[in-house]
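Structure first, then comments.
Chain letters run A, B, ... following the sequence lines, proteins first, then strands; residues in each count from 1.
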Number of protein chains: 2
Amino acid sequence: MNKINNYEEQCAFQEILKIIGGKWSMSIIYILFSGKKRFNELQRTVPHINTRMLVKELKNLAEYKIISRKVFATVPPTVEYSLTEKGKKLEPIINDFYNWGVDNLYEYPGK
Amino acid sequence: MNKINNYEEQCAFQEILKIIGGKWSMSIIYILFSGKKRFNELQRTVPHINTRMLVKELKNLAEYKIISRKVFATVPPTVEYSLTEKGKKLEPIINDFYNWGVDNLYEYPGK
DNA sequence: CGGAATCCGCGTCGATACTG
DNA sequence: CAGTATCGACGCGGATTCCG
């Protein structure tokens, strides 16, 4: 009854992780749960990320329609990022994931 | 009411991802949902993983008590890996994650 | 069988500087 | 403000070989 564990499922898993398993993706999505954010806001909120990485991740997430990018033709330019419906569906999952981590990982201080 | 998005939470997130956000961790855990597995079984089931990476991941996961490692003093040696209670708690989360990926990512064929 | 050890390329990531 | 461009290093991860 358990169709888990076949080779194709594993490959699918790896594809999924390639998209949102990166170093920064989850952090960015996590931040966007609280609403749309501008580029600089994101950069300030995600610890240690740099411009290039943030641009790259945002582009990637937008490509898969997890986030949407809205440009306002103002001076200076304004760009807003927000979650799409797909992205919003991740909220409970990522929250569970985060909570699991806090509950189960943090009693191990040392590397 | 949303305490999300502060700097420390973000750092915590990055710590968690460092532990189970690697290229192979989730795949291995996913496989172990269906029961204990031996080293070679895992290596055969996870696509493209090699010995070194598998050893490394198993060691890491065991260190954080997500999986447990049982050695049987037989000849030839037998080692069984299985999920701990902590690891089992991940099952619904990773399943949700996987399902989300299949539902939302697979209509994008291209790179 | 289940690892450990070594060697090494290649891609990722980071820092910096620059642009519309 | 919101990126783009370029460069260089470092470390991840792959292949191979050896060991108990």
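- Rounded to a whole Å, the CG atom of A:Asn50 is 16 Å from the P atom of D:dA5.
- B:Ile28 places its CD1 atom 13 Å from the C1' atom of D:dG13, with the value rounded to the nearest Å.
- Computed from coordinates, the A:Lys56 NZ to C:dG11 P distance equals 11 Å when rounded to whole Å.
- Straight-line distance from the CD1 atom of B:Ile49 to the P atom of D:dA15: 12 Å, rounded to whole Å.
- Taking a cutoff of 4.0 Å between a charged side-chain nitrogen and a carboxylate oxygen, B:Glu41 and B:Arg44 do not qualify as a salt bridge.
- Ion pairing of A:Glu80 with A:Arg38 is absent here, as no side-chain N (NZ or NE/NH1/NH2) approaches a carboxylate O to less than 4.0 Å.
- Applying the side-chain contact (heavy atoms from CB on, under 4.5 Å) criterion to B:Lys56, with sequence neighbours excluded, gives B:Met53.
- Separating the NE2 atom of B:His48 from the C1' atom of D:dA15 is a distance of 15 Å, rounded to the nearest angstrom.
- Remark: P of D:dT4 and CD of A:Gln43 are 13 Å apart, rounded to the nearest angstrom.
- Residues in residues 14-32 of chain A take part in these salt bridge (Lys or Arg N to Asp or Glu O under 4.0 Å) pairs, two or more places apart or across chains: A:Glu15-A:Lys18.
- A close approach under 4.0 Å does not occur between any side-chain nitrogen or oxygen of A:Lys23 and OP1 or OP2 of D:dG11.
- In this structure, A:Met53 atom CE and D:dG3 atom P are separated by 15 Å, rounded to whole Å.
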Response to the item:
For nucleotides 2-8 of chain C, 5' to 3', base contacts (B), sugar-phosphate-only contacts (S) and non-contacts (-) with protein non-hydrogen atoms under 4.0 Å give SBSBB--
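- Only one option out of B:Asn104, B:Asp96, B:Asp103 pairs with A:Lys89 in a side-chain hydrogen bond (donor to acceptor under 3.5 Å, both in side chains); it is B:Asn104.
- A donor-acceptor pair shorter than 3.5 Å can be found between the side chains of B:Lys37 and B:Ser34.
- B:Asn60 has its CG atom 14 Å from the C1' atom of D:dC12, to the nearest Å.
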